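Every chain is numbered from 1 and lettered A, B, ... according to where its sequence line falls, protein lines coming before strand lines. Keep in mind it's a predicted model, so treat the numbers as computed, not measured. When reading the values below, keep in mind they use all heavy atoms of this one structure, side chains included, and skip hydrogens, waters and symmetry mates.
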Amino acid sequence: MADSTVVTRFAPSPTGYLHVGGARTALFNWAYARRHGGRFILRIEDTDAARSTDESTKKILEDLRWLGLNWDEGPEVGGPSGPYFQSQRGHLYKQYLEQLAAIGRAYRCFKTAEELTAAKAKAKTEGRAYKYDPAESLNLSKAQTDQLIAAGKPFVWRFRMPDADVTVNDLVLGDVTIKAAELEDFVIFKSDGGPTFHFANVVDDATMKVTHVLRAQEHLMNTPKHVAMFDALGIKRPSYAHMPLIFNSDGSKMSKRDKAKVARAAAKERKLAAAPGVDDAAFRAFLDKKSDAVEIALAVAGVLNVILPEIDVHDFRRSGYLPSVILNYLALLGWSPGNDLERFDLDFLAKNFDLERIGKSNARFDRAKLLAFNTEAIGKLTPDEFFKLWREHLAAFHPVYLQKFDDARLRILAEAYRPRSRTLDEPSINGMFFVVADGDVQYDPKAVEKVLKKENGAGLAMLRELAAVLTAISDWNGPALHAALEAFAQRAGKGMGDIAQPLRVAVSGSTVSPPIQDTLALLGKNSTLARINRALTL
RNA sequence: GGCCCCGUCGUCUAGCCCGGUCUAGGACACCAGGUUUUCAUCCUGGUAACACGGGUUCAAAUCCCGUCGGGGUCACCA
């Protein structure tokens, strides 16, 4: 039964990429709307002009689309309640502010930030909890107010909270009551003439006729403010559902700074003196924890070859996770369908998602489990599906492959890696030796020592014999190579592993590659022999 | 610190609302074997939890209270 009255929204502020926590919020709102045949709105909360960027908006839209979370109303698709950028809805906020002012529920406050800070400090030294005292502002006469305005004194507008306890009927947590004494008159219009988050949020939810607000639990203490405004405006409150938070596996908050932390630790441990493309001052600031710039973290990670923790949806995309897997895993963080069911897709959520089964306790993000889900999902892909997805991944993150390989060869490479890939990025990284010139293969010293030089160069001796065997092969393809190598192994009384490893190190530089006959076939006879000859000189 | 929310294996959770079927189920991780041409898979088995203390009851993971622990929030950020 379609309940067309349900309207949900996802309202990110465009200050960076789409965070996984935000993605889950979007997912739940999307799923709830779908489940009830309602509408899902995307709204950009860019009231903070200093931090919001168009670039970020673009990225967030792109990530949502990549995930498959399509919105019925919002940027780029329009809708009856537009515009969908708060920066373009100023007239509405003004209008509702006037309405509140007219009924005495909004008033000017001329207190400066310094005065407020001082009052807070005083309360602290006196050991009492600070609470904004509205008396002075409320007692200002019309004449006094006019005079202050005429004098150009800056002011904010505050909302007059009711002198009563406020109960929020949360669909996940149940009734939550906050005592009147805990609530204070908060700012709804800043001195720069723009609305604060609280006000814009409420006016928009009201004018967009949002019926259900599904958001993270960190907003719980904002909700009394929000419902009080709905009440003052005489507008029916939407239903609220606050969901548990998502943390790192160590219990810390998942934040962009995690990337800086990991990169900084690596830079210090390896005594990195500079990072490419980063000027010295900025780099030093980064090391001194004065800056957590993501660009610097990425540059450091690049030279030191360390993997930064994934935080944003885009990070997981770059790491080669499938959108369906991210969605599935995220849904499990805070929701469960019961019946020991764990693998499901968007379609399932659109049919089965409900608020009753949202959990109340915070969850930790477990990358190992995400990886396991991804491994399984990739294992189920057909060769064609894998090829298509990997090709897209390469186009976005490793275009060098598309320059070096035509689709026919790329398809063969894809098939060599498909059964041994847990992410779309693993083959991209592990297969680098396929796309570099023969003379540029990087030899891993440990692999060379262990496989080629150990025991008086037994591996090298083996390689010399193999070079002769391979040179004699005219029919250069997987099955033929396999047959030839196996025959040689028989004659030499060796196991396949004894011959494969020296060859693998010689042609790839490492101990890891697809099955050796496939690797050699893909590389071609010339490259194979050239690399073996080079390895012989190591 | 005030206020608010939460508390089942290492992690995510099922079970809790409607006490008995729970000697607490699943998944991931971990451990031990096995398959394998490296890697990645794959197969088999195993370890592992109701935070603690009271109470209610014939019976409590399930209901009540307290303690402890974790988290959120206290901006002219959102």
Check the orientation of A:F28 and A:F353. Use parallel for under 30°, tilted for 30 to 60°, and perpendicular for over 60°.
tilted

Side chains of residues 500-507 of chain A: which donor-acceptor pairs under 3.5 Å do they make with residues two or more places apart or in other chains?
residue	atom	partner	partner atom	Å
A:Q501	OE1	A:R504	NE	2.8
A:Q501	OE1	A:R504	NH2	3.1
A:Q501	NE2	A:T511	O	3.4
A:R504	NH1	A:S513	O	3.4
A:R504	NH1	A:S513	OG	3.3
A:R504	NH1	A:P514	O	3.0

With heavy atoms under 4.0 Å as the rule, sort A:R51 into base, sugar-phosphate or nothing.
base

Can A:T112 and A:E115 be counted as having a side-chain donor-acceptor contact under 3.5 angstrom?
yes

Between B:rC17 and B:rC65 - P atom distance, rounded Å:
15 Å

Considering only the P atoms, how many Å lie between B:rG45 and B:rC6, rounded to the nearest integer?
39 Å

What integer number of Å spans the P atoms of B:rG66 and B:rC3?
13 Å

Between B:rA24 and B:rC31, how many Å separate the two C1' atoms, rounded to a whole number?
22 Å

Just call it for A:A129: base, sugar-phosphate, or nothing, with non-hydrogen atoms closer than 4.0 Å on any strand.
nothing

Tell me the partner of B:rC16, counting only Watson-Crick (N1-N3 plus N6-O4 or O6-N4) or G-U wobble (N1-O2 and O6-N3) with both under 3.5 Å; none if nothing fits.
none

At under 4.0 Å between heavy atoms, what does A:F247 touch on the DNA or RNA strands: base, sugar-phosphate, or nothing?
sugar-phosphate

May I ask you to say what A:K111 touches in the nucleic acid, namely base, sugar-phosphate or nothing, with a heavy-atom cut-off under 4.0 Å?
base

Could you list the residues that satisfy side chain to side chain contact (heavy atoms under 4.5 Å, CB included) with A:T145, not counting sequence neighbours?
A:R108, A:F110, A:L140, A:I149

Here's a test of your reading of the structure: between A:A500 and A:Y329, which maps to the more 5' nucleotide of RNA chain B?
A:Y329

Quick one: label A:R158 by what it contacts on the DNA or RNA (base, sugar-phosphate, nothing), any heavy atom closer than 4.0 Å.
sugar-phosphate

As its Watson-Crick or G-U partner within any shown strand, both distances under 3.5 Å, B:rU36 has none

Could you tell me whether A:N201 contacts a base, only the sugar-phosphate backbone, or nothing, with contacts defined as non-hydrogen atoms closer than 4.0 Å?
nothing

Any pair counted as side-chain hydrogen bond (donor to acceptor under 3.5 Å, both in side chains), so long as it reaches residues 188-198 of chain A, sequence neighbours left out:
A:H198-A:H226

Taking C-beta and beyond as the side chain, do A:S508 and A:L523 meet within less than 4.5 Å on heavy atoms?
no

Quick one about A:S52 and A:D48 (side-chain donor to acceptor, distance below 3.5 Å, no hydrogens or angles considered), yes or no?
no

Sticking with atom C1', work out how far B:rA49 lies from B:rC12, rounded to a whole angstrom.
13 Å

Tell me what A:I516 touches on the nucleic acid: a base, only sugar-phosphate, or nothing, going by heavy atoms under 4.0 Å.
base

Along RNA chain B, 5' to 3', what are the outermost nucleotides having an atom less than 4.0 Å from a heavy atom of chain A?
B:rG2 to B:rA78

Base, sugar-phosphate alone, or nothing: which one does A:S510 contact when heavy atoms must sit under 4.0 Å apart?
nothing

Considering only the P atoms, how many Å lie between B:rU44 and B:rU35, rounded to the nearest integer?
15 Å

What residue pairs, at least two apart or across chains, pass side-chain hydrogen bond (donor to acceptor under 3.5 Å, both in side chains) with a residue in residues 441-453 of chain A?
none

Taking only residues two or more places apart in sequence or in another chain, which ones pass side chain to side chain contact (heavy atoms under 4.5 Å, CB included) with A:A467?
A:I532

How is A:H242 classified with respect to the nucleic acid when contacts are heavy atoms under 4.0 Å: base, sugar-phosphate, or nothing?
nothing

Checking all strands, does A:V156 fall into the base, sugar-phosphate, or nothing category for heavy-atom contacts under 4.0 angstrom?
base

How is A:S513 classified with respect to the nucleic acid when contacts are heavy atoms under 4.0 Å: base, sugar-phosphate, or nothing?
base

P-based separation of B:rG1 from B:rC18 [nearest Å]:
35 Å

More 5' along RNA chain B: A:P514 or A:N339, using each one's nearest nucleotide?
A:N339

Classify A:S249 by what it touches in the nucleic acid, base, sugar-phosphate, or nothing, heavy-atom distance under 4.0 Å.
nothing

Identify whether any heavy atom of A:G334 sits under 4.0 Å from a base atom; if not, whether one sits that close to sugar-phosphate; answer base, sugar-phosphate or nothing.
sugar-phosphate

Regarding A:R418, tell me which of base, sugar-phosphate or nothing describes its non-hydrogen contacts under 4.0 Å with the strands shown.
nothing

